[in-house]
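Below is one structure, written out as structure tokens; the observations come after it.
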Amino acid sequence: MHCDTLWYHANLITVDGPGLGVIEDGVIAATDGRIVHVGAAGSADHLQPGQRIDVGGRWISPGLIDCHTHLVYAGNRAGEFQQRLQGVSYADIARAGGGIVSTVRATRAASEADLLAASLPRLDAMLAEGITTLEIKSGYGLTLADETKQLQVARELGRQRAVEIVPTFLGAHAIPPGREAQEYIDEVCNVMIPAVAAAGLAEAVDVFCENIAFSAAQAEQVFVAAQQHGLAIKIHAEQLSNQHGAALAARHGALSADHIEHLDADGIAAMRRAGTVAVLLPGAFYFTRDTTLPPIAELRAAGVPLALATDSNPGTSPLTSPLLAMNMAATLFRMTVEECIAGFTREAARALGRQDRIGRLAVGLDCNLAVWDIEAPADLVYRMGFNPLHARVMRGQPV
Ligand SMILES: O=C(O)CC[C@@H]1NC(=O)NC1=O
Ligand SMILES: [Fe+3]
């Protein structure tokens, strides 16, 4: 049987089956961008490949997936970082017009070309570490025109680079200056979500449910509007306090609940019942010097899927390294090597509703690969500030 490409002499991290599903000295083959064979050396003798690639004993994982980023924005908040080093609090900075609002001002003033130019280096840093799929949220425009601008730039990034971009509408990220929360949420639900859905600019809707942002009731209003317009649901929940947002989102069939440092037993049980993925964001925990750990052991015991992401954003997680995020998840959250690698592959795919198409080395899935110069899978999580990526493959093509 013909196949387009066969990679051989490879150690495979399939993330398919118990543990990481490692196959040492394995082979993987693809045709028309899809995986047609995965197995041990000698198991592909029935294939006649158009091209054979000797991987030289390197390791191959699924292409990494970042399921939670705010990658498209203008401006820089290093100045706030310095203020915080001198003891100025988030609240003081926000009251002085800093925080999310300062990024909103800069993003509103930026053209699409400006946003593209500012975002490409951040995206390239992610691709350099083996990312093949990346979610990008809006949320720094807070008007229909500026939220649309962000989502269009996100789409253009997917045209200019070999990466699958998954857009999420996060108009309910912050209360715009001069607006009142409820009347703004009404606009998000009655004007922005219908327009974004009609334009096909987003697959999901997200909301920041927090005592400094939107209430659980307002979040539920957003969920209902999202469902009315055929969009999936995500939530930034229990990051600073317990607003019971994750349980509410799970009851609405949310793909994921993200941050969840303050998640309680009811929230865990609701997520388990709904199959809602826990997206853990160690970069934000680290950068904000948080001290409340997410309930990892309880989530693990309950069988809630655990995904990881960079939460790449200018305020709480200026991070564009999935490898460092994995190390932080292991070091700060005590997640295992298997959980960290699965968190940026199989479980991140699940958080994006793509578990049947990406995130594993399995027949029928997209042939998105990351080829690594490592001695064992643990090397991907263990090292800090070192990038062992040898090659990236997108739908069967080296990129
Ligand atoms: O500070 C920023 O720019 C975004 C913060 C980011 N957004 C959110 O809902 N939670 C976060 O940590
Ligand atoms: Fe976020």
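Numbering of ligands and ligand atoms starts at 1, following listing order. Predicted, not measured: the structure shown is a model, and the values here were computed from it.
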message: Between E80 (side chain only) and G315 (backbone N and O only), is there a donor and an acceptor less than 3.5 Å apart?
response: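 It does not hold such a pair.
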message: I'd like to know if the side chain of R179 and the backbone of I175 have a donor-acceptor N/O pair within less than 3.5 Å.
response: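 No, R179 side chain to I175 backbone: no donor-acceptor pair under 3.5 Å.
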task: Please confirm whether R84 makes a cation-pi placement over F81, using NZ or CZ under 6.0 Å from the six-membered ring centre and within 45° of the ring normal.
output: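 Output no; distance or angle outside limits.
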message: I'd like to verify the contacts: list protein N, O or S atoms under a distance of 2.8 Å from the Fe ion (ligand 2).
response: H68 NE2, H70 NE2, H236 NE2, D311 OD1
Is [Y] paired with [X] through a side-chain N to carboxylate O contact shorter than 4.0 Å?
X    : Y    : result
R354 : E164 : yes
D16  : R360 : yes
K137 : E135 : yes

task: Check each protein residue for a heavy atom under 4.0 Å from ligand 1 and list those that pass, ordered by chain and number.
output: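 For ligand 1, the residues that come within the 4.0 Å heavy-atom cutoff are R77, I100, Y140, H173, F208, H236, Q239, H259, D311, N313, G315, T316.
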- prompt: Partners of H252 by side-chain contact (heavy atoms from CB on, under 4.5 Å), sequence neighbours excluded?
  reply: E220, F223, V224, Q227, I233, L248
query: For H37, what residues pass the side-chain contact (heavy atoms from CB on, under 4.5 Å) criterion, not counting sequence neighbours?
result: V27, A29, S43, A44, H46, L47
Among N313, T316, D311, the one residue meeting side-chain hydrogen bond (donor to acceptor under 3.5 Å, both in side chains) with H70: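 Filter result, single survivor: D311.
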